[in-house]
> 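Here it is, the structure in full.
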Amino acid sequence: MPSVSPRADLESLPKYVPGRTIEGAIKLASNEVPGGALPSVAQAIAEAAAGVNRYPDTGSQALRERLARELDVPVERVAIGCGSVSLCQQTIQAVCAPGDEVIFGWRSFEAYPIVTQVANAVSVKVPITEGQELDLDAMLAAITDRTRVVFVCNPNNPTGTAVRRAELERFLAAVPEHVLVVLDEAYKEFVTDPDVPDGVEYTRSRSNVMVLRTFSKAYGLAGLRVGYAVAPEPIADALRQVYVAFSVNMLAQVAALASLDAADELLARCQDIVVERERVREALLAAGYRVPETQANFVWLPLGDQAVPFAEHALDRKLVVRPFAGEGVRVTIGTPEENDLFLAAAREFSSRTA
């Protein structure tokens with residue numbers, strides 16, 4: 001008898017490559033914040049753990065209502081997911097039929113082509129510019145009658161570059177109404193340039209714009225997996241329809257609410273990371289590296305063929321960074337001490353290859 005086989009196209013499915021964790025090494029590969037959950041959040045998680053024999057609220061109603069108040073949007077337009085990456089996949093499942101097209105810059109968030117193919121849609125990769133920025137004009141030109149979703153990662157992962165207000169507004173005004181523009185703002189809390197817009201504002205006036213955000217980065221909850229979307233009400237309803245029941249667990253919901261209670265403390269910690277971000281970038285520029293301006297909690301070194309050798313050099317010094325072979329290296333901003341060790345390794349590599 002013939003055996004059951006998985007989908008044939010899964011053999012070509014891109015593999016998500018997480019940042020490596022190596023015992024005894026400093027991990028600067030996954031854009032985690034170095035401090036972990038805030039103390040008040042850790043306490044809330046510990047207290048909630050006594051109830052893990054119960055199912056979580058599959059609708060995350062308390063969290064949706066709190067986010068709606070914080071963002072001043074109707075609760076009907078808020079959807080919760082198991083991290084923003086899960087919401088990316090839910091979006092494509094909710095909007096795209098098999099064969100429909102999903103556009104995104106490349107390189108951008110590496111999960112985009114994976115979740116697109118899983119949902120039986122077609123990836124359309126638009127090269128980024130020489131300045132390591134999203135090319136919105138080229139993305140606009142790539143839209144066809146089959147396009148249903150365009151991801152705009154702002155700031156962009158892994159390059160850290162950001163789209164400014166005027167450019168984004170020209171783009172949104174030109175995108176056909178049948179295309180959903182997803183502003184992926186996973187690193188919003190690290191943005192300091194006032195000309196990088198808050199995407200939620202566009203959801204108030206445009207029926208084809210949604211925003212994704214996450215508690216994984218600035219909030220220090222990467223291990224609990226919770227993110228949210230602000231979307232047009234029909235899209236938010238559809239996101240909830242394709243949501244995997246109970247996938248945002250109870251501890252994640254409690255932690256997200258507690259993190260919102262500690263917003264001032266959290267934003268102060270983000271400012272500390274921003275200060276280090278600028279220090280690290282300036283030091284890399286002084287060492288002769290090309291480093292685009294970043295609005296995230298990482299820096300990007302477009303090293304081309306030297307990306308993997310650079311990462312191996314760092315690993316030899318117990319530093320784990322994230323190489324993208326043939327393109328560049330993304331380095332998360334850690335503590336000042338961790339950053340100093342990274343900068344020493346970067347200067348050594350530069351002097352050896354000069």
Side-chain angles (χ1 to χ4, degrees), residues 9 12-17 31 81 83-164 167-168 170-172 174-176 178-188 196-197 199 202 206 208-214 217 227 229 231 235 239 292 295-296 298 300 302 322 324 326-328 330:
D9 72 307
S12 64
L13 189 70
K15 302 295 189 294
Y16 185 89
V17 181
N31 299 343
S84 57
V85 65
S86 177
L87 285 160
C88 288
Q89 184 165 321
Q90 288 169 245
T91 300
I92 299 169
Q93 290 172 322
V95 174
C96 295
D100 283 346
E101 295 172 350
V102 177
I103 293 174
F104 44 86
W106 201 250
R107 181 166 292 270
S108 191
F109 183 32
E110 63 183 307
Y112 294 154
I114 300 172
V115 297
T116 298
Q117 187 171 335
V118 166
N120 285 309
V122 176
S123 293
V124 178
K125 298 179 179 180
V126 177
I128 60 175
T129 69
E130 285 294 318
Q132 308 297 294
E133 298 173 326
L134 296 178
D135 190 337
L136 293 191
D137 288 339
M139 293 170 72
L140 184 65
I143 293 174
T144 72
D145 290 341
R146 296 294 293 173
T147 305
R148 292 294 177 267
V149 176
V150 178
F151 284 105
V152 177
C153 191
N154 198 32
N156 187 45
N157 176 16
T159 64
T161 54
V163 176
R164 269 58 180 186
E167 182 184 9
L168 181 59
R170 284 195 301 270
F171 175 76
L172 294 177
V175 172
H178 76 274
V179 176
L180 179 67
V181 178
V182 180
L183 303 178
D184 187 346
E185 297 184 340
Y187 300 93
K188 176 69 173 68
V196 178
Y202 299 116
R206 297 185 180 276
N208 66 334
V209 175
M210 69 177 276
V211 169
L212 295 180
R213 292 185 184 163
T214 182
K217 308 304 182 186
I235 301 300
L239 292 174
Q295 290 289 309
F298 54 84
W300 170 251
R322 177 69 172 88
F324 296 81
E327 296 178 68
R330 188 190 68 200

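We count residues from 1, following the sequence as given.
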> Give the minimum heavy-atom separation between V115 and Q89, together with the two atoms involved.
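Taking every non-hydrogen atom into account, CG1-OE1, 3.5 Å.
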
> Does some side-chain heavy atom of V181 sit less than 4.5 Å from a side-chain heavy atom of Y202?
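Y202 does not reach V181 side chain to side chain.
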
> So, for N208 and P176, which heavy atoms are closest and what is the spacing to 0.1 Å?
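Shortest heavy-atom contact: ND2-O, 3.4 Å.
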
> If a pair satisfies ring pair (Phe, Tyr, Trp, His ring centres under 6.0 Å) and one of its residues is in residues 126-147, list it, with sequence neighbours excluded.
none

> Does one side chain, of S108 or N156, offer a donor that lies under 3.5 Å from an acceptor on the other?
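Result is yes, a qualifying pair exists.
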
> Which pairs count as side-chain hydrogen bond (donor to acceptor under 3.5 Å, both in side chains) when at least one residue sits in residues 125-139, sequence neighbours excluded?
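The answer is Q132-W300.
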
> Within a 6.0 Å radius of atom CG on D9, are there more than 12 heavy atoms belonging to other residues, nucleotides or ligands?
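Yes, enclosed.
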
> Holding to ring-ring contact (aromatic ring centres under 6.0 Å, His included), I want the full list of residues that pass it with F109, two or more places apart in sequence or in another chain.
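Residues passing ring-ring contact (aromatic ring centres under 6.0 Å, His included) with F109: Y112.
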
> Less than 3.5 Å apart, any donor N or O on the side chain of R322 or N31 sitting next to an acceptor on the other?
no

> State, yes or no, whether a side-chain contact exists between M139 and V150 at a heavy-atom distance under 4.5 Å.
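Touching, per the 4.5 Å side-chain cut-off.
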
> So, do R164 and V196 sit near enough that their side-chain heavy atoms are less than 4.5 Å apart?
yes

> Before you tell me yes or no, could you show the steps for R148 and H178 under side chain to side chain contact (heavy atoms under 4.5 Å, CB included), namely the whole-Å CA-CA distance, both residues' side-chain angles and the distance that decides it to 0.1 Å?
CA-CA 7 Å; R148 292 294 177 267; H178 76 274; 3.3 Å; yes

